[in-house]
*Asks:* 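Could you have a look at this structure, given as structure tokens, before my questions?
Convention: sequence-line order gives letters A, B, ...; per-chain numbering from 1. Quick note: numbers below take in every heavy atom, side chains included, and nothing from hydrogens, waters or symmetry partners.
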There are 2 protein chains.
Amino acid sequence: MELDETDRAILRILQEDARTPFSEVARRIDMSSATVHDRVSRLEDEGVIRGYHADIDPKSVGYGVGAFVGLRVEQGREEDALERLRGIDGVREIHLTTGEWDVILRVVAADTDRLRELMFERIAETEGFSRSQTMVILGTDYEQPGPPL
Amino acid sequence: MELDETDRAILRILQEDARTPFSEVARRIDMSSATVHDRVSRLEDEGVIRGYHADIDPKSVGYGVGAFVGLRVEQGREEDALERLRGIDGVREIHLTTGEWDVILRVVAADTDRLRELMFERIAETEGFSRSQTMVILGTDYEQPGPPL
DNA sequence: TTTGAAATTGGCCAGAC
DNA sequence: GTCTGGCCAATTTCAAA
């Protein structure tokens with residue numbers, strides 16, 4: 001799908017603040033709000049906009065610790081192992097990667113004790129993984145939502 | 001800040017779809033929309049809700065490749081080095097971590113050629129890093145927005 | 001244009017003290 | 001009895017479709 005500069009301007013505004021009223025989007029890009037409405041519908045239908053999410057501070061809801069977890073997966077057990085990981089509450093993202101690890105998880109936990117439980121009782125117990133390493137996030141220096149536009 | 005079950009229900013709905021009208025949120029949690037409005041304002045003011053973002057498909061806007069990049073930082077140059085990383089377009093997240101790396105970046109690029117440029121011309125050239133490793137994301141198996149609620 | 005949502009106002013009610 | 005906080009109804013202003 002081809003995106004023109006108007007589409008990109010709309011995406012930029014909604015990536016920054018997804019609750020911006022279409023009427024204000026229209027004002028800012030100097031178009032009618034009917035046009036904005038049509039274009040947003042099209043961008044949603046085409047899968048360019050996948051959804052809209054409130055950005056919730058994990059600490060405020062009781063998740064004080066985050067980590068990346070690198071895993072090596074045993075040949076032939078990938079799908080089964082991944083399926084079990086998806087069912088673990090603190091596991092928020094599962095990426096298949098090249099390099100030192102086959103899989104990189106992003107996890108959250110209430111505190112370091114709970115992170116240890118997650119790692120040693122839930123993830124390490126999951127069969128199909130041969131090795132793992134946890135990289136606890138001490139702080140996030142910079143974070144942009146989504147791709148550059 | 002204390003969150004009750006009503007707050008969590010509101011957060012769950014807006015994390016799932018940030019554009020849900022307050023009137024519908026109200027219907028679903030069986031409260032008035034004025035109450036929903038009050039609570040959402042409070043959650044925003046307290047920093048529980050940090051914002052609302054459209055979730056844009058990176059491929060659709062020309063970013064076909066993502067990667068995690070692990071870096072070792074030389075003592076005493078952290079702040080300076082991080083500052084320069086923040087200025088690089090494809091760098092979307094910068095996390096300070098324990099473990100094998102001091103810093104883990106999340107980056108996006110148009111294609112593998114551009115990723116190579118990013119790595120070898122922009123990041124490796126940045127002074128203050130002694131070692132790096134790139135883990136290209138072959139696919140994302142699972143992804144949940146934000147923490148469990 | 002009509003239909004509905006956002007945002008504000010004022011007031012009600014319950015529990016704290 | 002008053003204060004506080006949470007909730008609702010009504011209104012008006014504005015957006016969605």
*Asks:* Does a salt bridge link A/Glu143 with B/Arg92, judged by any charged N lying under 4.0 Å from a carboxylate O?
*Replies:* no

*Asks:* Could you tell me if the ring centre of B/Tyr52 sits under 6.0 Å from that of A/Tyr52?
*Replies:* no

*Asks:* Any Lys/Arg nitrogen of B/Asp4 or B/Arg39 sitting under 4.0 Å from an Asp/Glu carboxylate oxygen of the other?
*Replies:* yes

*Asks:* Evaluate the side-chain proximity of A/Ile49 to B/Asp55: yes if any heavy-atom separation is below 4.5 Å, no if none is.
*Replies:* no

*Asks:* Is it true that A/Glu93 and A/Arg86 make a salt bridge, defined as a side-chain N closer than 4.0 Å to a carboxylate O?
*Replies:* no

*Asks:* Quick check: does any side chain N or O of A/Glu117 sit under 3.5 Å from a backbone N or O of A/Leu115, one acting as donor and the other as acceptor?
*Replies:* no

*Asks:* Taking B/His95 for its side chain and B/Ile104 for its backbone only, find out whether a donor-acceptor pair lies under 3.5 Å.
*Replies:* no

*Asks:* Using atom names, set out every protein N or O paired with an N or O of nucleotides 5-7 of chain D below 3.5 Å, distance rounded to 0.1 Å.
*Replies:*
residue	atom	partner	partner atom	Å
D/dC7	OP1	B/Arg39	NH2	2.7
D/dC7	OP2	B/Arg39	NE	2.9
D/dC7	OP2	B/Arg39	NH2	2.8

*Asks:* Just to verify, which of A/Val69, A/Ile88, A/Thr134 counts as forming a side chain to side chain contact (heavy atoms under 4.5 Å, CB included) with A/Leu105?
*Replies:* A/Val69

*Asks:* Counting only N and O atoms by type, is there a donor-acceptor contact under 3.5 Å from the side chain of B/Ser60 to the main-chain atoms of B/Ile56?
*Replies:* no

*Asks:* In this structure, which one of A/Thr20, A/Ile13, A/Leu14 forms a side chain to side chain contact (heavy atoms under 4.5 Å, CB included) with A/Asp17?
*Replies:* A/Thr20

*Asks:* Which atoms of nucleotides 12-17 of chain D (N or O only) lie under 3.5 Å from a protein N or O atom, and what are those distances?
*Replies:*
residue	atom	partner	partner atom	Å
D/dA15	OP1	A/Ser23	OG	3.0
D/dA15	OP1	A/Arg27	NH2	3.0
D/dA15	O5'	A/Ser23	OG	3.2
D/dA16	OP1	A/Phe22	N	3.0
D/dA16	OP2	A/Phe22	N	3.4
D/dA16	OP2	A/Ser23	N	3.0
D/dA17	OP2	A/His37	NE2	2.5
D/dA17	O5'	A/His37	NE2	3.4

*Asks:* Using a 4.0 Å cut-off on protein heavy atoms (strictly under), produce a 5'-to-3' string for nucleotides 12-17 of chain C with B for base contact, S for backbone-only sugar-phosphate contact, and - for none.
*Replies:* ------

